[in-house]
S.K.: 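Attaching a single structure in structure tokens format; questions to follow.
Atom set for the values below is all heavy atoms of this structure, side chains included, hydrogens, waters and symmetry mates excluded.
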Amino acid sequence: MIFPIEKFRQIETPFYYYDIDLLRRTLKELRTETDRYGYHEHFAVKANANPRILAEIANCGFGADCVSGGEIRAALDAGFPAEKIVFAGVGKADWEINLGLDNNIACFNVESLPEMLVINELAAIKGKKATIALRINPDIDAHTHEKITTGKSENKFGINISLLPEVCAALKGLPNLRFSGIHFHIGSQITDLYVFGNLCNKANVLMDSIEALGLEIKTLNFGGGLGIDYVNPDEHPVPDFKNFFAMFRELVKQRAGQQVHFELGRAVVAQCGSLISKVLYMKQGEIKKFAVLDAGFTELIRPAMYDAYHRIENLTSDRATDVYEVVGPICESSDVFGREVQLNEVSRGDLVALRSAGAYGEVMASQYNCRTLPKACFSE
């Protein structure tokens with residue numbers, strides 16, 4: 001990625017920078033591969049809710065995957081049609097469900113029997129039928145960080161397989177619900193396609209079981225989770241959509257007329273975004289050097305929360321490299337972006353980029369320590 005350094009010097013740091021050309025290239029490749037098989041993509045808004053980013057994705061004709069009422073509103077404001085919005089989440093409040101009903105969204109991905117009963121009740125009050133899919137917990141280990149694993153039996157998400165007969169039986173007696181299909185999401189930042197192969201095989205078995213219970217599965221939603229290359233972002237700026245979707249085509253026993261849906265988020269936007277920060281101080285410790293930035297975990301919380309790695313680059317130095325602990329100004333010991341980071345020698349005022357931050361970066365920013373939320377700028 002080429003950074004417009006002179007432009008950056010005129011903007012108050014820290015801020016998020018988005019390469020719109022790379023985003024459009026990613027969306028084009030995603031469209032090519034989903035169109036190849038007639039698959040449907042709903043962008044996971046939780047990855048990035050910046051209005052400009054959402055508008056670019058909506059303009060490509062994709063749908064939106066939302067996990068809150070606020071995200072539904074953001075998707076609608078950005079131009080996503082309601083009939084392409086799906087709504088998941090283990091704790092949907094009544095007002096959020098009513099918002100979805102009032103806007104006639106495409107589908108509620110239901111995560112429990114109690115939730116199903118509430119949606120039926122609220123739909124009945126409005127004289128409507130809500131389209132639902134059952135989010136099933138397939139008990140699959142995604143082999144990713146424990147805090148972003150969502151498809152194991154001990155996770156809070158989805159309906160456990162053992163409860164499906166009870167849930168399906170109850171569904172048949174709820175007149176204000178329209179059953180569409182089944183939904184999965186097993187985790188995030190999954191780089192081993194073998195994990196998705198396991199999901200395909202489990203989905204095939206579950207389809208047989210649910211059909212035996214008397215329900216027709218019109219839609220299969222496999223969620224998201226495809227990972228990106230945080231170590232070498234310039235070598236792999238766009239994920240391997242081709243092999244990802246080809247694997248589902250090969251392994252899923254898709255029924256005639258059945259739609260297959262996905263909810264990729266990180267894979268769409270992560271590489272197009274970087275957090276740009278300025279070096280405040282180079283502090284010499286007893287045994288290590290600290291590069292103190294004006295960005296902290298208030299702007300990018302992933303390293304502190306998930307022990308996540310982001311490539312860090314000094315954009316304004318061509319001096320010899322040295323080893324630094326790159327830290328922020330927040331009054332917490334966990335405010336560390338990287339330890340033993342090789343950087344071109346840093347000086348006060350240098351601009352630093354934290355790469356691959358387009359997903360779960362700006363959207364998770366906070367005002368802890370009474371800090372100001374970061375702004376965003378774009379390549380065009």
Side-chain angles (χ1 to χ4, degrees), residues 40 42-47 63-72 75 85-101 103 105-124 128-142 144 146-174 176-188 190 199 202-203 205-207 209-210 213 215 217-225 260-265:
H40 301 262
H42 305 267
F43 172 69
V45 176
K46 65 178 178 287
D65 159 44
C66 300
V67 294
S68 74
E71 288 188 0
I72 292 175
I85 293 176
V86 296
F87 183 20
V90 72
K92 302 179 183 73
D94 288 14
W95 75 266
E96 294 174 308
I97 295 169
N98 282 325
L99 179 65
L101 291 169
N103 284 280
I105 65 171
C107 188
F108 294 84
N109 293 329
V110 172
E111 307 215 13
S112 68
L113 177 55
E115 179 196 330
M116 193 168 70
L117 296 174
V118 170
I119 295 176
N120 180 74
E121 177 185 348
L122 295 176
K128 292 189 172 187
K129 271 199 170 188
T131 299
I132 70 163
L134 299 179
R135 177 173 179 175
I136 300 173
N137 187 322
D139 194 24
I140 291 177
D141 188 349
T144 187
E146 63 178 357
K147 292 184 179 179
I148 52 176
T149 295
T150 60
K152 297 179 70 175
S153 59
E154 66 264 28
N155 297 136
K156 69 179 181 179
F157 301 97
I159 299 166
N160 286 345
I161 294 172
S162 63
L163 299 177
L164 280 177
E166 175 188 356
V167 172
C168 290
L171 175 58
K172 294 176 184 178
L174 299 175
N176 291 90
L177 299 184
R178 181 186 300 108
F179 176 72
S180 173
I182 54 179
H183 171 259
F184 307 95
H185 181 67
I186 58 173
S188 189
I190 302 169
L199 176 59
K202 184 64 73 74
V205 173
L206 287 169
M207 278 196 290
S209 299
I210 292 171
L213 294 172
L215 295 176
I217 301 170
K218 297 178 181 178
T219 60
L220 271 176
N221 189 331
F222 287 102
V260 177
H261 295 243
F262 294 88
E263 298 166 349
L264 300 178

S.K.: State, yes or no, whether a side-chain contact exists between L99 and F87 at a heavy-atom distance under 4.5 Å.
M.R.: no
S.K.: Mark yes or no for whether N176, through its side chain, and K128, through its backbone, hold a donor-acceptor pair below 3.5 Å.
M.R.: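 Answer holds: yes.
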S.K.: Measure the spacing between CG of L171 and CG of L117 and express it to the nearest 0.5 Å.
M.R.: 10.0 Å
S.K.: Do you know which two heavy atoms are closest between A47 and G265, and how far apart they sit?
M.R.: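 Minimum heavy-atom separation between A47 and G265: CB-C, 3.8 Å.
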S.K.: Check for a donor-acceptor pair, side chain of K46 on one end and backbone N or O of V67 on the other, with a separation under 3.5 Å.
M.R.: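 No, the answer is negative, given that no donor and acceptor are paired below the 3.5 Å cut-off.
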S.K.: Quick check: closest heavy atoms across A106 and V86, and the distance to 0.1 Å?
M.R.: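 The answer is CB-CG1, 4.5 Å.
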S.K.: Does the side chain of T131 come under 3.5 Å of the side chain of S180 through a donor N or O and an acceptor N or O?
M.R.: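 Side-chain D/A pair, T131 to S180: absent.
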S.K.: Donor-acceptor pair, distance only, cut-off 3.5 Å: does the side chain of H42 make one with the backbone of E263?
M.R.: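 Side chain of H42 to backbone of E263, a donor-acceptor pair under 3.5 Å: no, none is there.
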S.K.: Can you confirm whether V90 sits close enough to R135 that some side-chain heavy atom of one is under 4.5 Å from a side-chain heavy atom of the other?
M.R.: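 No, side chains not in contact.
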S.K.: Between atom CD1 of I136 and atom CD1 of I186, what is the distance when rounded to the nearest 0.5 Å?
M.R.: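 Rounded to the nearest 0.5 Å, the CD1-CD1 separation comes to 13.5 Å.
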S.K.: When rounded to the nearest 0.5 angstrom, what distance separates CD1 in I182 from CD1 in I210?
M.R.: 4.5 Å
S.K.: List the atom of V167, the atom of I159, and the distance in Å for their closest heavy-atom pair.
M.R.: CG2-CG2, 4.0 Å
S.K.: Work out which heavy atom in M207 is nearest to a heavy atom in L220; give both atom names and the distance.
M.R.: SD-CD1, 3.6 Å
S.K.: Is it the case that more than 12 heavy atoms not belonging to K218 sit under 6.0 Å from its NZ atom?
M.R.: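 Not more than 12 within 6.0 Å, no.
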S.K.: Taking the cut-offs as 6.0 angstrom to the six-membered ring centre and 45 degrees off its axis, would you call K92 and F108 a cation-pi pair?
M.R.: no
S.K.: What distance separates L164 CG from L113 CG, expressed to the nearest 0.5 Å?
M.R.: 11.0 Å
S.K.: Rounded to the nearest 0.5 Å, what's the gap from NE2 on H183 to CD1 on I132? Could you check?
M.R.: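 Reported to 0.5 Å precision, the distance equals 13.0 Å.
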S.K.: Checking the side chain of E166 only, and the main-chain atoms of L163 only, is there a donor and an acceptor separated by less than 3.5 Å?
M.R.: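 No: the side chain of E166 does not pair with the backbone of L163.
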S.K.: To the nearest 0.5 Å, how far apart are CG in L206 and CD1 in I161?
M.R.: 4.5 Å
S.K.: Does the side chain to side chain contact (heavy atoms under 4.5 Å, CB included) test come out yes or no for L215 and K172, once each step is laid out?
M.R.: CA-CA 9 Å; L215 295 176; K172 294 176 184 178; 4.3 Å; yes
S.K.: Can you see which heavy atom on I97 is nearest to which on I119, and at what distance?
M.R.: CD1-CG1, 3.8 Å
S.K.: Could you go step by step and tell me if F262 and D65 meet the side chain to side chain contact (heavy atoms under 4.5 Å, CB included) rule?
M.R.: CA-CA 9 Å; F262 294 88; D65 159 44; over 6 Å; no
S.K.: Work out which heavy atom in I217 is nearest to a heavy atom in G181; give both atom names and the distance.
M.R.: CG2-CA, 4.0 Å
